[in-house]
Amino acid sequence: IKTEKSRGLIERLGRSIPGGNTRSLAYFAPYPLAISRGSGCRIWDVDGNEFVDLLNNYTATVHGHAVPAIKEAMSKQAALGTVFPAPGEPQAELAERIVGRVASVEKVRFANSGTEAVMMAVRAARAVTGHEKIIKAEGGYHGMWEQVPVAWTQDPPGATPPGVGALVRLVDYNDVEGLEAAMEEEGGDVEAIILEPVTGTGVLTGTPEYFAAARRLADEHGALLICDEVITLRLGVGGFQEVLGVRPDLTTMGKIIGGGLPVGAFGGRADVMEVFDPRSPRHLHHSGTFNGNLMTMAAGCVALDLLTHGEIDRINALGERLAEGLRRALAERPDLHGVVNNCGSLVHVNFGTEGEVRKFSDLKLDSPMAAAFHLAALDEGVYFAPRGFMNTSTAMDEQVVNEVLEACARALEHGGLCSAEG
């Protein structure tokens, strides 16, 4: 067995952690691999098997693993202390970098995850507008806070109180008429429209028309527009909002801005962000033991400095190369039904569907073919999400992408895919 040690460790974990896993998304049958180390664009499991990492901790490690400059920054900061209950210069350094990159972000605050960033952005919108409801795209993932994962998670009945669901109006992604109708019905109660510029699930790319409509409708009804760029900030120096030509009131961030450490951030219009100013007697409280911790700030500064215009263009081109190669490989297997969506460095292979994949209901995330392809690719030394999600990193080059495409072509020839299709 190639992964005997992984199986043993998962069994060991299961004796103290439900399911042997503390991150639901990381689980796959029959058991997930246990990863022991990473370097550049490659990772190794506890059995010593090597993989090209096409997942990058779901886009967080945009520069790959064990990056020398980031390690050096972390080491220097660790020698001075990791976290204090007070502001520090590294916070100023990272905040200034973010404000300098994202045009719509005039002021910013730090949190520990994208989930926390979204939670506080939604709370800010509620405090500013006095409204309670949000509008989000069906299938849009904005973290694990109760009000935002509605209709995406498969929680048991009763896990989310009905009153929470009543505060959410779902719309189809990129459906301007549907968004207009929702705001016509709910607009007076809506605090915010929250959207991903490109969806993490399925890699559906937002259209300029849709986001222009969201901006207009938010203004007309006294709501705020929130762009969730936790994943998409890697697509452009100013995020994908820059590409779409939209200026949201608030932007949520995470992943790449932490250099591989836990991080979240939210920012936007100065007048909206002022609601958090503790000098105001009626400010909105926002605390967290590790908000703006100095290790993350130090690592994040280096990570953003390394993510230049040129490097973003390069990894976006690698993503396009990867997507086109996968499309060619699927075209050679007409018996396998699959569609490849991509936007720059983000790629998703959607199995079990034909034609364009435009909205969440077009996706077949539980397709047996996706699971079979994932396991076959692991056997060929390529690591990506079980649902078929992939992304490129600055640690990759064209040779690595070619290596991945050759491995994926072999994986598509795997007999398990034929039986899964049947």
Side-chain angles (χ1 to χ4, degrees), residues 25 28 41-43 51-64 139 141 173 196-206 229-236 240 243 255-256 311-333 336-353 355-360 362-365 367 369-374 376-378 380-412 417:
L25 202 60
F28 57 85
C41 66
R42 300 180 189 274
I43 55 177
F51 306 88
V52 175
D53 186 4
L54 262 183
L55 188 51
N56 300 298
N57 195 24
Y58 286 86
T59 74
T61 53
V62 68
H63 300 299
Y141 179 69
Y173 195 67
E196 297 168 279
V198 180
T199 68
T201 305
V203 185
L204 311 175
T205 302
E229 296 249 26
V230 169
I231 287 177
T232 54
L233 202 64
R234 61 165 32 229
L235 296 176
F240 203 69
V243 178
K255 298 190 185 292
I256 67 165
E311 283 298 270
I312 289 174
D313 288 345
R314 190 175 70 82
I315 63 172
N316 282 341
L318 291 177
E320 298 286 349
R321 183 185 186 91
L322 174 63
E324 284 302 316
L326 290 168
R327 291 186 187 108
R328 288 194 300 270
L330 280 169
E332 294 174 1
R333 291 294 309 272
L336 300 178
H337 299 142
V339 174
V340 180
N341 277 12
N342 93 287
C343 182
S345 62
L346 307 176
V347 180
H348 195 131
V349 183
N350 298 287
F351 281 104
T353 186
E356 290 186 272
V357 176
R358 295 181 176 180
K359 57 186 178 179
F360 180 68
D362 292 335
L363 301 173
K364 303 291 188 296
L365 298 176
S367 165
M369 288 178 63
F373 178 54
H374 172 244
L378 287 175
E380 295 292 342
V382 180
Y383 189 97
F384 51 80
R387 68 174 187 255
F389 176 66
M390 312 169 181
N391 58 91
T392 53
S393 73
T394 65
M396 297 176 179
D397 56 22
E398 290 188 358
Q399 183 175 345
V400 170
V401 172
N402 291 342
E403 176 188 341
V404 165
L405 289 172
E406 291 172 3
C408 286
R410 294 192 297 270
L412 287 170
L417 270 80

- Got more than 12 heavy atoms from elsewhere within 6.0 Å of CZ, Arg410? yes
* Check: Asn391 main-chain N/O paired with Ser345 side-chain donor or acceptor under 3.5 Å -> no
Closest heavy-atom pair, Ala411 versus Ala377, reported as atoms and distance to 0.1 Å, is CB-N, 3.7 Å
Rounded to the nearest 0.5 angstrom, the CG-OH distance for Leu54 and Tyr383 is 11.5 Å
- Are any of the side-chain heavy atoms of Glu380 and Glu406 separated by less than 4.5 Å? no
task = Count the heavy atoms belonging to other residues, nucleotides or ligands that lie under 6.0 Å from NZ of Lys359, then report whether that count exceeds 12.
result = no
Nearest heavy-atom approach of Leu318 to Ser393 is CD1-O, 4.3 Å
* Does Phe384 offer a backbone N or O that forms a donor-acceptor pair with the side chain of His374 under 3.5 Å? -> yes
Tightest non-hydrogen contact, residues Ala407 and Val382, listed as CB-CG2, 3.6 Å
Taken in chain and number order and not counting sequence neighbours, the residues that satisfy ring pair (Phe, Tyr, Trp, His ring centres under 6.0 Å) with Tyr173 are Tyr210
In this structure, CG of Asp362 is separated from CD of Glu356 (nearest 0.5 Å) by 9.5 Å
Test your reading of the model: is there a side-chain donor-acceptor pair from Arg333 to the backbone of Leu412, 3.5 Å cut-off?
yes
Taken to the nearest 0.5 Å, the spacing of Ile315 CD1 from Thr394 OG1 works out to 6.5 Å
Arg314 and Met396 have their tightest heavy-atom pair at NH1-O, 2.6 Å
**Asked** Do Leu235 and Asn316 come within less than 4.5 Å of each other through their side chains, counting heavy atoms only?
**Response** yes
Val347 side chain reached by Phe389 side chain, heavy atoms, under 4.5 Å: no
Q: Would you sort out whether Val400 and Arg42 count as a side-chain contact (heavy atoms from CB on, under 4.5 Å), showing the intermediate values?
A: CA-CA 10 Å; Val400 170; Arg42 300 180 189 274; 4.2 Å; yes
Exercise. Heavy atoms, side chains only, cut-off 4.5 Å: are Leu322 and Asn342 in contact?
Worked result: no
**OP:** State, with a plain yes or no, whether a side-chain heavy atom of Cys408 is found less than 4.5 Å away from one of Leu326.
**Re:** yes
- Task: Determine whether Arg387 and Leu25 make a side-chain contact, defined as any pair of heavy atoms from C-beta on separated by less than 4.5 Å.
- Result: yes
Do the side chain of Glu229 and the main chain of Phe240 share a donor and acceptor less than 3.5 angstrom apart?
yes
Flag for Arg234-Thr59: side-chain donor and acceptor within less than 3.5 Å: no
Minimal heavy-atom distance between Leu346 and Val203, with the atoms involved, is O-CG1, 3.8 Å
In this structure, OG1 of Thr232 is separated from CD1 of Ile256 (nearest 0.5 Å) by 9.0 Å
Check: Is there a side-chain contact between His348 and Leu365 (heavy atoms, below 4.5 Å)?
Finding: yes
- Item | Side-chain heavy atoms of Val349 within contact of Leu330, under 4.5 Å | yes
Open item on the list: Tell me whether Thr199 contacts the main-chain N or O of Leu204 through its side chain, where contact means a donor paired with an acceptor under 3.5 Å.
Closed with: yes
Using a 3.5 Å distance criterion without hydrogens, assess whether the side chain of Asn341 forms a donor-acceptor pair with backbone atoms of Asn350.
no
So CG of Asn56 and CG of Asp53: to nearest 0.5 Å the spacing works out to 4.5 Å
Shortest non-hydrogen pair, Phe351 vs Ser367, comes out as CB-OG, 3.7 Å
Rounded to the nearest 0.5 angstrom, the CE-NZ distance for Met369 and Lys364 is 12.0 Å
